Amino acid sequence: MAYYFDEPSRTFGEYLLVPGYSSAENVPAAVSLKTPLVKFRKGAEECPLEMNIPMVSAIMQSVSGDKLAIALAKQGGVSFIYGSQSIESEADMVRRVKAYKKGFVTSDSNLSPDATLGDVLELKARTGHSTVAITDDGTAHGKLLGIVASRDYRLSRMSMELKVTEFMTPREKLITAPATTSLHDCNDIIWDNKINSLPLVDEAGRLQYMVFRKDYDSHKENVNELLDQNKSYIVGAGINTRDYAQRVPALVEAGVDVLCIDSSEGYSEWQSRTIHWIRETYGNKVKVGAGNVVDREGFRFLAEQGADFVKIGIGGGSICITRETKGIGRGQATAVIEVAKARDEYFKETGVYVPICSDGGIVHDYHVTLALAMGADFVMLGRYFARFDESPTNKVKINGQYMKEYWGEGSNRARNWQRYDLGGATKLSFEEGVDSYVPYAGSLADGVQTTLYKVKSTMCNCGALTIPELQEKARLTAVSSTSIVEGGSHDVLLKNSTPNVLNG
């Protein structure tokens, strides 16, 4: 006879935190969100890879490209570059993140001299950037011919068909600097000449980087940026259980800091084989997370196989329909609570602390705090990050509102059959994800800082200044359906009739 769990599985929306005593020291500015990313002997050694914020981005085509990886590392988190692409292209993305020089931006707004004012406006709408480099071949590293900025054109007096060569600031009138110029010297040139941007060109006149005045202050503000020993940004990458023997070496050669097996269900021999191969080939030098699991047995299995962290969650993502199509999964809150107990049990037995990641089920910002309070060391987010400028998807206008495209790895669009691999045919037999839109939310930095301020504020309400202290002091209560209604605005007529858009 089948086994039946005594309690129903619950989601984050069914819990609230009960406030604790807050001293005068409990202010958001004093809160530390540092958290371990990979396993270590707690109390005996330092964690070899910590994050400054408890947020990582999901291993998805519509979320984690190199631009988002850089933006998230600046805030103190880690992005896992999606693995449902060729080995070469994934390694190239990792390489671009590791090669990124703070303050030196590879231009993503470039046009050829044949382009028109209409092309400039279309590019600006797509990227959000008003500075456009005109190069001989229209690429980021072509020979620099000129720059188009907002001050170079007036829409009321110019035709959309006017060639950029007619109104751009030509190269001979631009202030430029050699590609080898230090960031300090670049900033001096910008300030001394009262310019907004400085192109850096090589000896052949090819554009290499752009340095912007507006980035100066933002780089000073990135106090949480996550760097390796070479002052390069930390970046992760997703792998699968099929081509790991070819993919892992390419990613390691590209400089990846941490890997994660991308799978809808991790309690399997396929993950065991993958982890063992990595350990036999690289020992403990290459860090690899595994998952996803939803119970004690799944966690124990992956921890004993040698996983550096374990991901929790099946079917809780906003674009995931695994529970609908296959009838497997578990409420995310219940899964995190049980796996956290298993993690602590394993630590007491072995002295090894294996961090756990809550993946999926985050709808509101406060759900992040709940996941941490329930025992998660960090959370993995897909929809949340897909909304920002830095995600790799298109920004489109739907019914008068700007949206970003967002699709699941199990959708027909992604066709990531490896993520759902059960050792059978090498194809996606049926969909386990959908293709959708999410509300556009601007820059990642602004969104993350707002979310984390809420997390810190709630932690202070609980009398906690660190994540471990939150987990020790947190008191949680299950809520009824009626009290959930009570928790929002009710029995009033709102002045703003705009529908409430969940903010991630």
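Hydrogens, waters and symmetry mates are skipped; everything else that's a heavy atom, side chains included, is used. None of these values were measured; they are calculated from a predicted model. Position 1 is the first residue of the sequence; numbering continues from there.
- Contact of the P199 side chain with the L207 side chain is registered, since non-hydrogen atoms from C-beta on lie closer than 4.5 Å.
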Is there a salt bridge (Lys or Arg N to Asp or Glu O under 4.0 Å) between K163 and D119? Walk through the geometry before answering. CA-CA 9 Å; K163 298 285 187 183; D119 295 325; over 6 Å; no
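- Between the side chains of T116 and E161, no donor N or O sits under 3.5 Å from an acceptor N or O.
- Ion pairing between K404 and D389 fails under the 4.0 Å rule for side-chain N and carboxylate O.
- By the 4.5 Å heavy-atom criterion applied to side chains, L121 and Y153 are counted as neighbours.
- The shortest heavy-atom contact between T181 and C186 is CG2-SG, 3.7 Å.
- Under the 6.0 Å distance and 45° angle rule, R383 does not count as a cation-pi partner of F385.
- Y100 and F104 have their aromatic ring centers separated by at least 6.0 angstrom.
- Heavy-atom contacts from other residues, nucleotides or ligands closer than 6.0 Å to CD of E45 number more than 12.
- Between the side chains of D114 and S112, no donor N or O sits under 3.5 Å from an acceptor N or O.
- Salt-bridge annotation for D257 and K98: present, with a side-chain N of the basic residue lying under 4.0 Å from a carboxylate O of the acidic one.
- The two residues F167 and V120 have their closest heavy-atom pair at CZ-CG2, 4.4 Å.
- With hydrogens and angles ignored, the 3.5 Å screen pairs no side-chain donor or acceptor of H129 with any backbone N or O of S109.
- Judged purely by atom type and a 3.5 angstrom limit, R126 has no side-chain atom pairing as donor or acceptor with the backbone of N394.
- Separating the CD atom in E225 from the CD1 atom in I70 is a distance of 12.0 Å, to the nearest 0.5 Å.
- Aromatic ring orientation, Y267 versus F301: tilted (interplanar angle from 30° to 60°).
- Side-chain N/O atoms of S391 and Y406 include no donor and acceptor closer than 3.5 Å.
- Within the model, atoms CG of N292 and CD1 of I312 stand 8.5 Å from one another, a figure rounded to the nearest 0.5 Å.
- Side-chain rings of Y366 and F12 stay apart, their centers remaining 6.0 Å or farther from each other.
- For the pair R343 and D377, the salt-bridge criterion is met [side-chain N within less than 4.0 Å of a carboxylate O].
- We find that E253 and R95 are joined by a salt bridge, their nearest charged nitrogen and carboxylate oxygen being less than 4.0 Å apart.
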